[in-house]
Amino acid sequence: MADLLLGQVLSYTADPFHDGPAAARHEAHGAVLVDQGHIRDVGPADLLRKRHPQATVTDYGRALISAGFIDAHVHYPQTAIIASWGKRLIDWLNLYTFPEEMRFADPAYAEQIANRYLDLALAHGTTSMCSYATTHPASVDAFFAAARSRGLRAWAGKTCMDRNAPAGLCDTARSAYDDSKWLLNKWHGVDRLSYVITPRFSPTSTPEQLAALGALWSEYPDCLMQTHLSEQLDEIAWVRELFPQSRDYLDTYEAQGLLREGALYGHAIHLTAREKDRLREAGASLIHCPTSNTFIGSGLFDMTLAQTMRVGLATDTGGGSSFSMLHTMAAAYEVAQLRGQALHPSQLWYLATVGSARALHADDRIGNIAPGMEADLTVIDLASTHAIEQATRRADDIWQAIFPTIMLGDDRAIKAVWVGGKLR
Ligand code: GUN
Ligand code: ZN
């Protein structure tokens with residue numbers, strides 16, 4: 001039986017970084033027909049009601065029906081250490097992150113946190129995510145099992161580290177290759193799940209480990225590969241010491257076969273001109289994590305890169321300070337303001353939906369509302385608190401009505417979430 005959802009419908013027919021707000025399509029009295037996990041029809045409510053008289057109608061009134069949010073870079077194992085005080089990247093990893101990730105040696109703990117993380121993500125309207133696990137293979141199993149039981153389209157991989165981390169978190173070049181391959185064969189393409197080859201970052205991998213994962217990637221060219229790039233200046237100086245033969249940070253990956261289309265680089269803040277050129281030529285994706293970049297004190301991402309590259313948006317939980325993609329859009333707005341650029345609400349919303357889907361090479365399936373797309377939808381109350389409601393009273397277009405929710409909204413704004421055509 002088909003479902004017909006009524007509300008204001010927001011979708012994209014082009015890229016607002018090229019075409020401005022006209023890239024978005026807003027149907028003030030719209031409808032979305034969902035059947036067997038997919039979107040089958042979109043248009044004015046009156047028309048779709050006539051066209052699909054048998055469908056079960058759910059009327060969301062003035063609420064906004066959007067594609068579900070896509071969080072393109074998260075560490076689900078860091079769920080419990082979100083909002084840890086006072087440290088910058090390397091100290092934050094050593095003091096908070098690595099001890100917490102050690103606990104994932106216990107598969108029961110991994111299962112508990114995977115479920116907690118996914119419940120929080122869904123409560124915030126996030127219907128897809130690309131996550132790091134820990135070095136423990138069972139942490140990947142826990143995440144994929146929890147995502148599968150919720151019907152989510154999700155990406156994850158075993159984080160690989162063979163140096164500069166506690167012994168209990170280190171694998172080797174060989175075991176990273178073997179375990180990643182085993183997990184890839186077990187999970188990649190099962191239901192809506194995809195395996196991502198995941199070297200944590202150059203400081204915690206030997207060149208041999210990076211090379212082993214580069215070799216694995218060449219065996220599975222349709223997989224994505226995720227890692228971190230140029231997040232903090234201290235980190236970049238450390239990479240220079242560890243890889244004296246490399247031209248720059250990106251070169252430490254490129255030299256081992258870890259740069260091409262399908263590569264996802266988290267942060268990518270302090271890039272040289274050469275790195276930007278090579279990233280663009282290679283067709284790599286950059287993942288902007290603005291709450292993390294301010295929380296850990298990393299720096300200000302250059303959003304003009306979105307004009308020429310695939311850029312996704314992400315919470316980077318728990319280096320990021322929120323589970324909410326609304327907060328993350330607000331932080332992206334503020335970071336861009338500090339660089340003299342005012343991102344339009346159509347661009348912010350795009351980054352959290354189509355932009356992240358494009359970064360993950362999944363924009364033919366998720367991130368937008370159009371016939372044939374998978375039915376992952378988030379319904380947003382645009383007056384979820386008194387503070388937001390009063391700020392929208394004088395709105396005379398959809399963007400003025402949406403922007404207060406971007407800046408002030410949280411999980412209270414999430415009215416309903418549909419995953420794979422089913423109401424959560
Ligand atoms: N760089 C390497 N690992 C991490 C991590 O877990 N979080 C962040 N923010 N940066 C990293
Ligand atoms: Zn990260």
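Listed by first and then second residue, the salt bridge (charged side-chain N to carboxylate O under 4.0 Å, His left out) pairs that reach into residues 107-127 are Asp119-Arg150, sequence neighbours excluded. Identified under the salt bridge (charged side-chain N to carboxylate O under 4.0 Å, His left out) test for residues 130-145, with sequence neighbours left out: Asp141-Lys186.
Within the 4.5 Å cutoff, the side chain of Leu351 has heavy atoms near those of the Val311 side chain. Annotation: side chain of Ile70 is not in contact with side chain of Met129 (no heavy-atom distance under 4.5 Å). In this structure, the side chains of His270 and Glu235 stay at 4.5 Å or more apart for every pair of heavy atoms. Looking at heavy atoms from C-beta onward, Arg339 lies out of side-chain contact with Met303 at the 4.5 angstrom threshold. Side-chain contact between Ile82 and Phe323 is present, with at least one heavy-atom pair separated by less than 4.5 Å.
Ionic pairing of Asp171 and Lys158 is present here: one or more N-O contacts between side-chain nitrogen and carboxylate oxygen are shorter than 4.0 angstrom. Ion pairing of Asp234 with Arg88 is absent here, as no side-chain N (NZ or NE/NH1/NH2) approaches a carboxylate O to less than 4.0 Å. In this structure, Lys276 pairs ionically with Asp302, as a charged nitrogen and a carboxylate oxygen lie closer than 4.0 Å. Salt bridge Arg280/Asp277: present, at least one basic N to carboxylate O contact under 4.0 Å. Between Glu101 and Arg103 no salt bridge is recorded (no basic side-chain N to carboxylate O distance below 4.0 Å).
Legend: residues meeting ring pair (Phe, Tyr, Trp, His ring centres under 6.0 Å) with Trp418, ordered by chain and number and at least two apart, are absent. Every residue meeting the ring pair (Phe, Tyr, Trp, His ring centres under 6.0 Å) condition with Tyr249, not counting sequence neighbours, appears here in chain and number order: Tyr253. In this structure, the salt bridge (Lys or Arg N to Asp or Glu O under 4.0 Å) partners of Asp376, at least two apart in sequence or on a different chain, are Arg192. For Arg174, the salt bridge (Lys or Arg N to Asp or Glu O under 4.0 Å) partners at least two apart in sequence or on another chain are Asp178.
A side-chain donor-acceptor contact under 3.5 Å links Thr206 and Asp162. For the residue pair Asp71 and Thr126, no side-chain donor N or O sits within less than 3.5 Å of a side-chain acceptor on the partner. A donor atom on one side chain and an acceptor atom on the other are found under 3.5 Å apart for His267 and Asn293. A donor-acceptor contact under 3.5 angstrom links the side chains of Ser298 and Gln232, judged on distance only. Checked by atom type, the side-chain pair Tyr76/Asn115 shows no donor-acceptor distance below 3.5 Å. Using a 3.5 Å distance cut-off with no hydrogens or angles, the side chains of His18 and Gln307 do not pair a donor with an acceptor. Looking only at atom types and distance, the side chain of Glu100 has a donor-acceptor partner in the side chain of Tyr109 under 3.5 Å away.
Minimum interatomic distance between Lys415 and Ala63 (heavy atoms only, all atoms of both residues): CD-CB, 3.7 Å. Here the shortest heavy-atom pairing between Pro203 and Val239 reads CG-CG2, 3.7 Å. The shortest non-hydrogen separation linking Ala165 to Met161 is CB-SD, 3.8 Å. Counting all heavy atoms, side chain and backbone alike, Gln226 lies closest to Ser131 at NE2-O, 3.1 Å.
A distance-only check finds no donor-acceptor pair linking the side chain of Gln256 to the backbone of Glu208 [under 3.5 Å]. Not a single donor-acceptor pair under 3.5 Å links the side chain of Asp191 to the backbone N or O of Leu193. Judged purely by atom type and a 3.5 angstrom limit, Ser128 uses its side chain to pair as donor or acceptor with the backbone of Arg153. In terms of modelled atom types and a separation under 3.5 Å, the side chain of Thr204 and the main chain of Arg200 share no donor-acceptor contact. When atom types are taken as modelled, the side chain of Ser356 and the backbone of Leu313 share a donor-acceptor pair closer than 3.5 angstrom. Side chain of Asp316 to backbone of Cys289: no donor-acceptor contact under 3.5 angstrom is found.
Relative ring orientation between Phe144 and Tyr195 is described as tilted, the plane-to-plane angle lying within the 30° to 60° band. Using the six-membered ring where Trp is involved, His228 and Tyr132 have ring planes that are tilted, between 30° and 60° apart.
Atom CD of Gln245 has more than 12 neighbouring heavy atoms from other residues, nucleotides or ligands inside a 6.0 Å radius. In the displayed structure, Lys87 atom NZ is contacted under 6.0 Å by at most 12 heavy atoms of other residues, nucleotides or ligands.
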Assess whether side-chain hydrogen bond (donor to acceptor under 3.5 Å, both in side chains) is satisfied between Tyr350 and Asn368, documenting all intermediate values. CA-CA 9 Å; Tyr350 178 89; Asn368 207 350; over 6 Å; no
Please test Arg278 against Glu281 for salt bridge (Lys or Arg N to Asp or Glu O under 4.0 Å), starting from the C-alpha separation and ending with a verdict. CA-CA 5 Å; Arg278 282 298 298 134; Glu281 277 166 22; 2.6 Å; yes
Step by step, would you call Trp349 with Phe69 a ring-ring contact (aromatic ring centres under 6.0 Å, His included)? CA-CA 9 Å; Trp349 209 273; Phe69 298 136; 5.4 Å; yes
